[in-house]
Amino acid sequence: MSILKPLIEQRADPFIYKHSDGFYYFTASVPAYDRIELRRAQTIEGLASAETVSVWHKPDTGPYSELIWAPEIHFNEGAWYVYFAAAPSREIKDDLFQHRMYAIRCKDENPLTGVWEFLGQIDTGIDTFCLDATTFTHKGQLYYMWAQKEKDIPGNSNLLIATMENPWTLSSEPVRLTIPEFEWECRGFMVNEGPAVLQRNGKVFVTYSASATDENYAMGLLWADEDADLMDPSSWHKSTKPVLVSEPKDEVFGPGHNSFTVAEDDESVLLVYHARTYTEIEGDPLWDPNRHTYVKHLRWDEDGMPVFGKASRDE
């Protein structure tokens, strides 16, 4: 089987959502980290050439004026929301950037042409570096899941979950689900970030990304029974091994920060992620623009568990 080619070049942290209007909506981190872009198309392939619309630009100064990272577009409770992380500067303090999480909202039918309003910071009750928020609804409850530094735990970020009162306000204390603990989660940096939620086969699956954003970047997996209490950490299981890693022979490196969508049949699950095609990065990998968006099919084993296959091939 042939090597996968990127769907969209120079778009990291990709997020694709298929709405009830039949359109796929795409957003991702742009290399300049200065705005939120959206595009839409009626097919996955159509996203590659679809018109790109900048719906929000960072201000010149202030707490959210730098490094706009990892936007996700969600349709929650009748409106469009984009959740993203932003920092007041590019300064590193205590070995970390200073990101906090924010949201914008659009109440119009088409989020590419509608009016967006800035809602402000999503307050988790912990005033530390945080990023990579996602939301999902399970049994009628809206949840928020994200990555955040916890002061008494070594490393950059852990994965946390909370319930939501509304799409921009948490209604519970954060609950920790996982910390970087295995060797493959701690290469370069101790990182658990970029959670993505998939509900299938009687389970709630959460993928996440680990280690530095170079060729060491890899994806892990958590899962819980759909009838379990998702706010109880003991409900969750964690794979001891990564589920998606670099494929040096095929020159696909650092796969991660994924999302899930469905194919045109509205049933087959597609895995959306970014990766690079080389390892010769000068300086900090964050300033290298060539993390590209890939899309491949997710497979399933006889027990209903996801099979991710190789990051370089749709098999």
Side-chain angles (χ1 to χ4, degrees), residues 12-13 28-36 56-72 82-104 118-134 144-162 168-170 173-195 208-218 220 254 256-257 274 276 281-289 291:
D13 315 320
S29 297
V30 302
Y33 301 134
D34 63 347
R35 64 192 184 275
I36 293 172
W56 186 84
H57 285 260
K58 71 176 185 64
D60 292 333
T61 59
Y64 45 91
S65 60
E66 276 288 1
L67 300 176
I68 310 305
W69 285 357
E72 291 194 5
V82 172
Y83 302 93
F84 64 97
S89 70
R90 297 192 176 192
E91 182 181 2
I92 293 178
K93 296 181 180 179
D94 300 322
D95 298 324
L96 291 169
F97 287 106
Q98 298 302 300
H99 285 75
R100 301 296 187 269
M101 299 176 296
Y102 300 90
I104 58 176
F118 180 74
L119 296 179
Q121 183 179 343
I122 307 290
D123 183 9
T124 68
I126 307 172
D127 188 23
T128 58
F129 170 76
C130 55
L131 70 170
D132 295 352
T134 193
Y144 192 73
M145 191 177 291
W146 72 99
Q148 186 153 14
K149 167 67 178 178
E150 292 180 272
K151 292 180 180 179
D152 296 331
I153 298 177
N156 286 38
S157 59
N158 310 316
L159 291 192
L160 304 174
I161 188 174
W168 64 94
T169 309
L170 305 191
E173 295 294 320
V175 171
R176 182 189 318 119
L177 296 185
T178 174
I179 66 172
E181 56 186 312
F182 302 121
E183 184 275 335
W184 58 269
E185 298 176 295
C186 302
R187 296 177 182 173
F189 294 103
M190 299 173 69
V191 171
N192 281 178
E193 65 182 16
Y208 64 94
S209 297
S211 292
T213 58
D214 54 16
E215 68 271 19
N216 290 303
Y217 211 48
H257 202 115
H274 74 231
R276 288 189 174 90
I281 300 169
E282 295 184 7
D284 192 314
L286 283 173
W287 313 124
D288 180 288
R291 289 183 290 175

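What you are looking at is a predicted structure, and each value in this text was computed from that prediction instead of being measured.
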Student: Specify the closest pair of heavy atoms between Arg90 and Glu66, including all atoms of both residues, with the distance to one decimal.
Tutor: NE-OE1, 3.1 Å
Student: Working to the nearest 0.5 angstrom, can you tell me the gap between Ile122 CD1 and Cys130 SG?
Tutor: 10.0 Å
Student: Decide yes or no for Pro174 and Ile161: does some side-chain heavy atom of the first lie under 4.5 Å from some side-chain heavy atom of the second?
Tutor: no
Student: Can the ring centres of Phe97 and Trp69 be said to be less than 6.0 Å apart?
Tutor: yes
Student: Side chains of Asn158 and Pro180, heavy atoms from C-beta outward: is any pair under 4.5 Å?
Tutor: yes
Student: Any side-chain heavy atom of Asp288 sitting closer than 4.5 Å to one from Arg276?
Tutor: yes
Student: Does any non-hydrogen side-chain atom of Arg35 lie less than 4.5 Å from one of Lys58?
Tutor: no
Student: Could you tell me whether Glu150 and Arg176 have a side-chain N and a carboxylate O separated by less than 4.0 Å?
Tutor: yes
Student: So, does Ser211 use its side chain to make a donor-acceptor pair with the main chain of Tyr217 at under 3.5 Å?
Tutor: no
Student: Is the closest side-chain heavy-atom distance between Asp132 and Trp146 below 4.5 Å?
Tutor: no
Student: Asp127 and Lys151: which non-hydrogen atoms are nearest, and at how many Å?
Tutor: O-CE, 4.4 Å
Student: Could you give the distance from CE (Met190) to CD (Glu185), rounded to the nearest 0.5 Å?
Tutor: 9.0 Å
Student: At their closest point, which heavy atom of Ala85 faces which heavy atom of Leu131, and how far apart are they?
Tutor: CB-CB, 3.7 Å
Student: Check each of Asp214, Leu96, Thr213, Asn156 against Phe189 using the side chain to side chain contact (heavy atoms under 4.5 Å, CB included) test, and report the only one that passes.
Tutor: Asn156
Student: Does any donor atom in the side chain of Asp13 or Ser29 lie under 3.5 Å from an acceptor atom in the other side chain?
Tutor: yes
Student: For the residue pair Asn192 and Leu159, what are the closest heavy atoms and their distance?
Tutor: O-CD2, 3.7 Å
Student: First locate atom CG of Leu160, then atom CD1 of Ile179, and finally report the distance between them rounded to the nearest 0.5 Å.
Tutor: 11.5 Å
Student: Hey, what do you get for OH (Tyr144) to OG1 (Thr124), rounding to the nearest 0.5 Å?
Tutor: 8.0 Å
Student: Taking the ring centre of each residue, are Phe84 and Trp56 less than 6.0 Å apart?
Tutor: yes
Student: I need the single residue from Lys149, His99, Gln148 that forms a side chain to side chain donor-acceptor pair (under 3.5 Å) with Thr128. Which is it?
Tutor: Gln148
Student: Considering non-hydrogen atoms only, spot the tightest contact between Ile92 and Asp95 and give its length.
Tutor: CG2-C, 3.4 Å
Student: Between Asp60 and Ser65, is any pair of side-chain heavy atoms under 4.5 Å apart?
Tutor: no
Student: How close do Glu181 and Cys186 get, heavy atom to heavy atom, and via which atoms?
Tutor: N-SG, 4.2 Å
Student: Side chains of Trp168 and Tyr83: does their closest heavy-atom pair fall under 4.5 Å?
Tutor: no
Student: Atom CG of residue position Asp284 - does it have more than 12 heavy atoms of other residues, nucleotides or ligands inside 6.0 Å?
Tutor: yes
Student: Is Gln121 atom CD crowded by more than 12 heavy atoms from other residues, nucleotides or ligands, each under 6.0 Å away?
Tutor: yes
Student: Kindly compute the distance separating CD1 (Ile36) from CD1 (Ile68), expressed to the nearest 0.5 Å.
Tutor: 6.5 Å
Student: Measure the OH-CG distance between Tyr102 and Asp123 for me, rounded to the nearest 0.5 Å.
Tutor: 10.5 Å
Student: Would you say the side chains of Glu193 and Ser157 form a donor-acceptor pair under 3.5 Å?
Tutor: no
